[in-house]
**Q** 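This structure is in structure tokens; I'll ask about it shortly.
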2 protein chains.
Amino acid sequence: MPDSLRRFKAEIFQALAHPTRIAILELLGAGEASAGDLVEKLGIEQANISQHLAVLRSKQLVVNRKAGNQVFYSVRDPILNDVLALMRRYFQNHLQEAYEMLGEMAQAPAESEK
Amino acid sequence: MPDSLRRFKAEIFQALAHPTRIAILELLGAGEASAGDLVEKLGIEQANISQHLAVLRSKQLVVNRKAGNQVFYSVRDPILNDVLALMRRYFQNHLQEAYEMLGEMAQAPAESEK
DNA sequence: ACAGTGTATTCGAAAATTCGAATATTCTAA
DNA sequence: TTAGAATATTCGAATTTTCGAATACACTGT
């Protein structure tokens, strides 16, 4: 496989390599959401969400649709959802280590739980 | 989903987010290989391969087995191969854009082709 | 035209990643 | 024990990523 193709793949993974962007994609997996929805559901700075959306857009992982004031985002290719689903299985298989790797966890309950 | 779990996922993706590490994992998908094999097949500095292997080890994506002088690596969980396979399908779907995104490509033939 | 709401961009500064060079470590064979 | 091969680690500089703050832009209603 050409190295240039691997560079492309690496860029996609790079786009996935941030907790906030994973959260965004998981939310979008359930269907379209506006930028504002994401800000509200994730409890993260508007500017920051917008920056992460810019990353996802630049790698074409999401598409957007403007409706008046708002911009609605969705996952472009359902394969991405499959990838995330596979990863969920992976994490179930290795939850143990996940916890160990993260070390804290026990007392760090994380802000935005559902 | 807890934020800490998303951080863990992001770390896995981060580990996948480098062309050399993708190349390593794709090679290992075909079966065990020694560090030296990887150096030779990828044509990359020994120290650098070793650094990338350290990243993959630290995220537990690979396991290693020492045999005398050498260290043999393999992918720990076959799900990873599935993820990479899914990604290959993704790239086929979007090859067009991949080429556009990479821009150069036409004249950048990449060093290590098969 | 103006104000207000929703979203995007720009600008630093701090943190993380990457690589080659140099050096260590570990094992084997003599 | 010494030499050599295979692999790993450390160091520092260059690059990239990340975030908040400030600002810009776009659309709507009045």
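Chain naming here is simple, since letters A, B, ... match the order of the sequence lines and numbering starts at 1 in each.
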**Q** Encode nucleotides 23-30 of chain D as B, S and - characters from 5' to 3', where the letter depends on protein heavy atoms closer than 4.0 Å: B to the base, S only to sugar-phosphate, - to neither.
**A** ---BBS--
**Q** Within the 4.5 Å heavy-atom criterion, are Leu61(A) and Leu16(A) side-chain neighbours or not?
**A** yes
**Q** Both Asn64(B) and His52(A) contact DNA chain D. Which one's nearest nucleotide lies toward the 5' end?
**A** Asn64(B)
**Q** Rounded to the Å, how far apart are Ile49(A) CD1 and dC19(D) P?
**A** 10 Å
**Q** Please name the pair of heavy atoms, one in Val39(A) and one in Gln46(A), separated by the smallest distance, quoted to 0.1 Å.
**A** CG2-CA, 3.8 Å
**Q** In residues 22-38 of chain B, which residues come under 4.0 Å of DNA chain D by heavy atom?
**A** Ser34(B), Ala35(B), Gly36(B)
**Q** Does the plane of the ring in Phe91(A) sit parallel, tilted or perpendicular to the ring in Phe8(B)? Use 30° and 60° as the thresholds.
**A** perpendicular
**Q** Round to the nearest Å and state the distance from Phe13(A) atom CZ to dT17(D) atom C1'.
**A** 19 Å
**Q** Just so I know, are the side chains of Val83(B) and Tyr90(A) near enough to count as touching, which here means a heavy-atom distance under 4.5 Å?
**A** no
**Q** Whole Å only: how far is the CG atom of Asn48(A) from the P atom of dG6(C)?
**A** 19 Å
**Q** Just the rounded figure in Å: distance from P of dA6(D) to NZ of Lys41(B).
**A** 16 Å
**Q** Using rotation axes that map the C1' atoms of four end pairs onto the next four (five pairs an end), what angle separates the end axes of the helix from dA1(C)-dT30(D) to dA30(C)-dT1(D), to 10°?
**A** 20°
**Q** I'd like to check Ile49(A) versus Leu42(A) (side-chain heavy atoms, cut-off strictly below 4.5 Å). Are they in contact?
**A** yes
**Q** Give a yes/no on whether any side-chain N or O of Arg57(B) is located under 4.0 angstrom from OP1 or OP2 of dT9(D).
**A** yes
**Q** Using salt bridge (Lys or Arg N to Asp or Glu O under 4.0 Å) as the criterion, list what pairs up with Arg88(A), not counting sequence neighbours.
**A** Glu26(A)
**Q** Closest heavy-atom contact between Ala35(B) and Leu53(B)?
**A** CB-CD1, 4.0 Å
**Q** Would you mind reporting whether His18(B) and His52(B) have side-chain heavy atoms less than 4.5 Å apart?
**A** yes
**Q** Taking the side chain as every heavy atom from C-beta outward, state whether Arg76(B) and Val62(B) have any atom pair closer than 4.5 Å.
**A** no
**Q** I'd like to check Leu86(B) versus Arg89(B) (side-chain heavy atoms, cut-off strictly below 4.5 Å). Are they in contact?
**A** yes
**Q** If I take atom OH in residue Tyr73(A) and atom P in nucleotide dT7(C), what distance separates them, rounded to the nearest angstrom?
**A** 9 Å
**Q** Do any N or O atoms of the protein come closer than 3.5 Å to N or O atoms of nucleotides 10-17 of chain C, and which pairs are they?
**A**
residue: dT10(C); atom: O4; partner: Gln51(A); partner atom: NE2; Å: 2.9

**Q** I need the minimum non-hydrogen distance between Tyr73(B) and Leu28(B), along with the two atoms involved.
**A** O-CD2, 3.4 Å
**Q** Please report the closest heavy-atom contact between Gly29(A) and Val75(A), naming both atoms and the distance.
**A** N-CG2, 4.3 Å
**Q** Just how far, in rounded Å, is P of dA8(C) from CD of Gln70(A)?
**A** 11 Å
**Q** Among dC19(D), dT7(D), dA8(C), which nucleotide has an atom closest to any side-chain atom of Leu53(A)?
**A** dA8(C)
**Q** Over all heavy atoms of both residues, which pair between Ala15(A) and Leu56(A) is shortest? Give the atoms and the distance, please.
**A** O-CD2, 4.0 Å
**Q** Arg65(B): which residues meet the salt bridge (Lys or Arg N to Asp or Glu O under 4.0 Å) condition with it, sequence neighbours left out?
**A** Glu32(B)
